[in-house]
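One structure is given here, and the rest of the page talks about it.
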Amino acid sequence: MTALAPGLTAAESHTVTEVDTALAVGSGDVPVLATPRLVAWMEAVTVAAVDDALADGDTTVGTRVEVDHVAASPLGALVEVRGELTAVDGRALRFSVVALGADGEPVGRGTITRAVVGRERFLARWAQRA
């Protein structure tokens, strides 16, 4: 197990497909990468960055997303998404995220905050409300 400390990173590459477009997810009417899909990819790298560093039974949940989607990515475009843990404050984790096009230019960037929670306790609390 790795220590849960700033500097943990993860990266993923994605090719924009029909299901990733604003038209497909309902966030617009153009066939380019949807902002909600970009945010989901960014959240996925934050999860991956700390996965091996969490204690058994722990997981993370998203609590805040601040992302600027700065360039369009058409169908077939390759997008590399990177996340880095930049701060640990108790159970709060802050990440820097960036998405780059094949040309190396930013597609999006921002910060994501996640909280470390006990998976079973978290799920049990919500099961009681159902």
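Worth saying up front: this structure is predicted, and the values here are computed from it rather than measured. Both backbone and side-chain heavy atoms feed into the values below; hydrogens, waters and symmetry mates do not.
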### Message
How long is the straight-line distance from OG1 of T60 back to CZ of R119, given to the nearest 0.5 Å?
### Response
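R119 CZ to T60 OG1: 9.0 Å, rounded to 0.5 Å.
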
### Query
Atom CG in L93, atom CZ in R91: separation rounded to 0.5 Å?
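The CZ atom of R91 is 9.5 Å from CG of L93, to the nearest 0.5 Å.
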
### Query
Do T86 side-chain atoms and R94 backbone N/O form a donor-acceptor pair below 3.5 Å?
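Flag set: sc T86 to bb R94 pair under 3.5 Å.
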
### Query
Within the side chain of T21, is there an N or O that forms a donor-acceptor pair under 3.5 Å with the backbone of V32?
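No, the answer is negative, given that no donor and acceptor are paired below the 3.5 Å cut-off.
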
### Task
Decide yes or no on side chain to side chain contact (heavy atoms under 4.5 Å, CB included) for L4 and V116, but give the supporting numbers first.
CA-CA 10 Å; L4 190 56; V116 178; 4.2 Å; yes

Closest contact, heavy atoms only, [X] versus [Y]:
{"X": "V25", "Y": "A34", "value": "CG2-CB, 3.3 Å"}
{"X": "A53", "Y": "L8", "value": "CB-CD1, 3.8 Å"}
{"X": "A10", "Y": "A48", "value": "CB-CB, 3.8 Å"}
{"X": "P36", "Y": "S27", "value": "CD-OG, 3.5 Å"}
{"X": "V45", "Y": "V81", "value": "CG1-O, 3.6 Å"}
{"X": "S73", "Y": "A77", "value": "CB-CB, 4.1 Å"}

### Query
Quick one: salt bridge (charged side-chain N to carboxylate O under 4.0 Å, His left out) pairs with a partner in residues 68-82, sequence neighbours left out?
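Found E80-R82.
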
### Message
Show me the pairs that pass salt bridge (charged side-chain N to carboxylate O under 4.0 Å, His left out) and involve residues 13-26, at least two apart or across chains.
### Response
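The answer is D20-R37.
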
Do [X] and [Y] come close enough that some side-chain heavy atom pair is under 4.5 Å?
{"X": "V67", "Y": "M42", "value": "yes"}
{"X": "L100", "Y": "V107", "value": "no"}
{"X": "E43", "Y": "V65", "value": "yes"}
{"X": "S13", "Y": "L78", "value": "yes"}
{"X": "T63", "Y": "R114", "value": "no"}
{"X": "V47", "Y": "T59", "value": "no"}
{"X": "V88", "Y": "P6", "value": "yes"}
{"X": "D58", "Y": "V117", "value": "no"}

Would you list the pairs meeting ring pair (Phe, Tyr, Trp, His ring centres under 6.0 Å) in which at least one residue belongs to [range], sequence neighbours left out?
{"range": "residues 55-88", "value": "none"}
{"range": "residues 73-97", "value": "none"}
{"range": "residues 34-57", "value": "H14-W41"}

### Message
Hydrophobic clustering (ILVMFWY, side-chain heavy atoms < 4.5 Å, transitive) - are V61 and L123 grouped together?
### Response
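Result: yes, single cluster for both.
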
### Query
Is L54 reachable from L85 through a run of I, L, V, M, F, W or Y residues, each pair having side-chain heavy atoms under 4.5 Å apart?
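Same cluster: L85 reaches L54 through Ile, Leu, Val, Met, Phe, Trp or Tyr contacts under 4.5 Å.
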
#### Entry: Donor + acceptor pair across side chains of R64, T113 (<3.5 Å)
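Checked: R64/T113 side chains show no N/O donor-acceptor pair below 3.5 Å.
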
### Task
Please name all residues satisfying side-chain hydrogen bond (donor to acceptor under 3.5 Å, both in side chains) with T46, sequence neighbours left out, ordered by chain then number.
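For T46, no residue satisfies side-chain hydrogen bond (donor to acceptor under 3.5 Å, both in side chains) once neighbours in sequence are set aside.
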
### Atom CG of D89 with >12 non-hydrogen neighbours under 6.0 angstrom
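Counting other residues, nucleotides and ligands, CG of D89 stays at 12 neighbours or fewer.
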
